[in-house]
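Count residues from 1 along the sequence. Values below: all heavy atoms of this structure, side chains included; hydrogens, waters and symmetry mates excluded.
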Amino acid sequence: MKLVPKRLGDILIDAKLLTPAQLESALEVKKASGSRLGEVLVGLGLVADIDIAQALARQLNVPYVSPEQINIDPEVAKIISEQSARRYWAVPVAKDGNAITVAMSDPLNVFALDDISLLTGAEVRPVVTTDRGIEKAIQIGYQQDLIPPPEAGAPINPGDEMETFRLREMVEEAPIVRLVNQIIDRAMDERASDIHIEALEESVRVRYRVDGMLREVMTIPKANQAATVSRIKIMASLDISERRVPQDGRIRIKDQGRDADLRVSTLPTIHGEKVVIRILDKSHTVNSLDEIGLLPDTLERFRPMIRRPHGMVLITGPTGSGKTTTLTAILRELNAETHNIITVEDPVEYEVPGVNQVSVNERAGLTFASGLRSILRQDPNIIMVGEVRDAETADIAIRSALTGHLVLSTLHTNDASGTITRLIDMGVEPFLLSSSIIGIVAQRLTRLLCPRCKEAYELAPDDPYRGLVKFPEGPVKLFRAKGCPECNRTGYKGRIALHELLPVTAPIRELITKRAPATVLNEQAVREGMRPLLQDGVEKAMKGLTSLQEVFRVAYTEDK
């Protein structure tokens, strides 16, 4: 098929989706970044991806297919691999004799068409869709051969019951075993922190949380729901006959160089059991404070705090903000033959050689408070309490810090100054807090820009962000997400922490004793040099580690 030799920009101008001036600006960005013009136009908000695809289809007389209608043909997928599909950003959707229909977001890429024709030995007929359609098709289509056909007689409705013995037969069959293994293996390959297997009304959705963001990767037929969930339950030593109450279990993986703990949680919903698997990949653990993202001046102020012989250091932030990772890095730094370090955690997430780690077992009566009391009789130098959850634990931890121990712990608060008021609200006396706490670190996790495809730009003088946060005078160079196969077209790969460090100085101690509100504590800390979370994020954005949009997504609050 011979395509009209017309450039994309001209096509969009003809379709009145773009002005010549806008095209000229976009071409300058394209030249500087090396991106495809379509990606630049969408990134600048000038044209929607669907508008580009439909305009291309009209001008080139090529069929347009909406992202929801793209389905990979399993037979053709055997010829065009997932790797090739990602390289050419094209997916096979049908085969008719010696002709293959391929969905593309850029049908003007004649090199990709020629390569696919050479690879398959067939005539290639392109159809147009969006980048989003290609991405979803690759994620879902190349997994379908792993999904076993629906089991005859398997329950379709969540209220239906299946005999336990039949379930056991199904979960030991090869197709279900392969499916569950592939879900877990692929999640680890993509550095996912969590796997969500969700029972919907007519299907089962599988999503991965990668770098803090959930995305769908697979859909499983409803008829395979019971067998899939039961297979995971058996691996986690859970009761497959019990589907009415939540259950928690653990899977240990140590194979082919991988060492990981999988924490499994099941929850009964109206459409069946939902399973969430938390992945603790020990091959990706942080080994030192230098790796957690503290800026050099912050690290220089923090290190002396954790080397104090007694007192309390708190790491704060919401669930999933990397507090345990920071505590583990501190333990690794302090771990020495001369120190007796004991922890009490729920559960022990990362094992640190040479450290005595205790896991909470509330059924057996081992709580944070009771474990902490026992630890104090073990002659410790350093104590790590996984989390201060209640007044009793807080009181024991504070008093331990006052009696010659270095205590490390976490608390769920939004910022460093709010930690003081939270502890006072829990019943801890202000004079005890002012005497025991050395410093507080608040943190959030933000996504790292993909180093391979991030693009630089200059912040405009009238940009609204300038009114929300402090920037240096003059030109400000920042970076933004673009997207490439290396980062799964997201523009981000990996995460880094944003921090604010509040050292408890003499003025801060005086304010604590007077029960000063969090806003007053925060203002004093900033006067003394504390860099707030948002400002820490801006510093990292200017270093090219993350984007300004990502910093504001995780750290901006209107009351600051």
Side-chain angles (χ1 to χ4, degrees), residues 248 250 261 263 280 282 285-287 289 302-317 319 322-413 419-420 422-424 426-429 431-441 504:
D248 296 306
R250 175 178 175 180
D261 272 341
R263 305 294 163 81
L280 302 173
K282 298 183 180 180
T285 57
V286 172
N287 294 316
L289 283 177
F302 184 58
R303 271 204 162 105
M305 293 182 187
I306 63 171
R307 295 192 178 278
R308 297 267 289 271
H310 56 82
M312 189 173 192
V313 176
L314 288 168
I315 312 296
T316 72
T319 301
K323 298 185 297 296
T324 302
T325 300
T326 299
L327 280 181
T328 302
I330 295 172
L331 290 178
R332 290 182 186 276
E333 176 134 338
L334 298 178
N335 193 9
E337 183 182 351
T338 54
H339 291 150
N340 177 21
I341 305 176
I342 308 178
T343 75
V344 54
E345 307 169 61
D346 183 23
V348 174
E349 293 191 8
Y350 300 108
E351 295 179 17
V352 182
V355 173
N356 305 283
Q357 295 175 270
V358 178
S359 185
V360 164
N361 187 343
E362 294 190 358
R363 289 184 180 180
L366 178 55
T367 63
F368 278 119
S370 64
L372 191 48
R373 286 196 198 92
S374 299
I375 286 173
L376 292 172
R377 296 191 287 270
Q378 290 286 316
D379 186 32
N381 299 102
I382 300 168
I383 300 168
M384 193 270 269
V385 183
E387 181 185 343
V388 175
R389 291 180 179 174
D390 51 47
E392 185 181 12
T393 305
D395 184 65
I396 299 171
I398 292 289
R399 293 182 186 277
S400 302
L402 290 170
T403 55
H405 306 93
L406 178 64
V407 179
L408 311 170
S409 192
T410 71
L411 199 66
H412 286 89
T413 57
T419 303
I420 300 296
R422 173 67 58 84
L423 288 168
I424 291 174
M426 291 173 68
V428 180
E429 291 294 337
F431 73 90
L432 293 176
L433 286 176
S434 64
S435 304
S436 60
I437 295 185
I438 303 168
I440 303 165
V441 176
V504 179

With rounding to the nearest 0.5 angstrom, report the [atom1] to [atom2] distance, [X] to [Y].
X	Y	atom1	atom2	answer
Ile396	Arg373	CD1	CZ	4.0 Å
Ile383	Asn356	CD1	CG	11.5 Å
Met305	Ile438	CE	CD1	8.5 Å
Ser374	Leu366	OG	CG	7.0 Å
Leu314	Arg422	CG	CZ	12.0 Å
His405	Asp379	NE2	CG	7.5 Å

Is any side-chain heavy atom of [X] closer than 4.5 Å to a side-chain heavy atom of [Y]?
X	Y	value
Leu376	Ser400	yes
Leu432	Glu429	yes
Thr410	Thr324	no
Met384	Ser409	no
Leu411	Ile440	no
Glu345	Val348	yes
His339	Ile382	yes
Thr316	Val441	no

Legend entry - Residue from Val360, Thr367, Asn361, Val385 passing side chain to side chain contact (heavy atoms under 4.5 Å, CB included) with Asp346: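 The side chain to side chain contact (heavy atoms under 4.5 Å, CB included) with Asp346 is passed solely by Val360 among Val360, Thr367, Asn361, Val385.
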Inset, instruction - Using the side chain to side chain contact (heavy atoms under 4.5 Å, CB included) rule, pick out the option among Thr393, Val407, Leu433 that qualifies with Ile398. - result: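 The passing option is Leu433.
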Legend entry - Ion pair check, Glu333 and Arg307, cut-off under 4.0 Å: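 Yes.
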Legend entry - Arg250/Asp261 ion pair, N-O < 4.0 Å: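 Counted as a salt bridge, because a side-chain N and a carboxylate O are separated by less than 4.0 Å.
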Inset, instruction - Answer yes or no: does atom CZ of Arg399 have more than 12 heavy-atom neighbours from other residues, nucleotides or ligands under 6.0 Å? - result: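 For Arg399, atom CZ is not crowded (no more than 12 foreign heavy atoms under 6.0 Å).
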Inset, instruction - Tell me, yes or no, whether the heavy-atom count around Arg308 atom CZ, taken from other residues, nucleotides or ligands under 6.0 Å, exceeds 12. - result: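 Counting neighbours around CZ of Arg308, 12 or fewer heavy atoms of other residues, nucleotides or ligands fall under 6.0 Å, so no.
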Legend entry - Check: Asn340 side chain, Gln378 main-chain N or O, donor-acceptor pair, under 3.5 Å: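 Yes, the answer is positive, given that a donor and an acceptor are paired below the 3.5 Å cut-off.
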Inset, instruction - Evaluate the criterion side chain to side chain donor-acceptor pair (under 3.5 Å) for residue pair Gln357 and Glu351; output intermediate values, then yes/no. - result: CA-CA 8 Å; Gln357 295 175 270; Glu351 295 179 17; over 6 Å; no
Legend entry - Taking every non-hydrogen atom, the tightest pair across Ala401 and His310: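 Ala401 and His310 have their closest heavy atoms at O-CB, 3.8 Å.
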Inset, instruction - Could you tell me which non-hydrogen atom of Val344 sits nearest to which non-hydrogen atom of Phe368, and how far apart they are? - result: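 Val344 and Phe368 have their closest heavy atoms at O-CE2, 3.2 Å.
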Inset, instruction - Take Val388 and Met312, measure what side chain to side chain contact (heavy atoms under 4.5 Å, CB included) needs, and give me the verdict at the end. - result: CA-CA 12 Å; Val388 175; Met312 189 173 192; 4.3 Å; yes
Inset, instruction - Show your reasoning for whether side chain to side chain contact (heavy atoms under 4.5 Å, CB included) applies to Met426 and Leu423. - result: CA-CA 5 Å; Met426 291 173 68; Leu423 288 168; 4.2 Å; yes
Inset, instruction - Go through the steps for Leu327 and Tyr350 under the test side chain to side chain contact (heavy atoms under 4.5 Å, CB included), then give the verdict. - result: CA-CA 10 Å; Leu327 280 181; Tyr350 300 108; over 6 Å; no
Inset, instruction - Decide whether Thr328 and Thr325 meet the rule of one side-chain donor and one side-chain acceptor closer than 3.5 Å. - result: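 There is no such pair between these side chains.
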Inset, instruction - Would you sort out whether Asn335 and Ile341 count as a side chain to side chain contact (heavy atoms under 4.5 Å, CB included), showing the intermediate values? - result: CA-CA 7 Å; Asn335 193 9; Ile341 305 176; 4.2 Å; yes
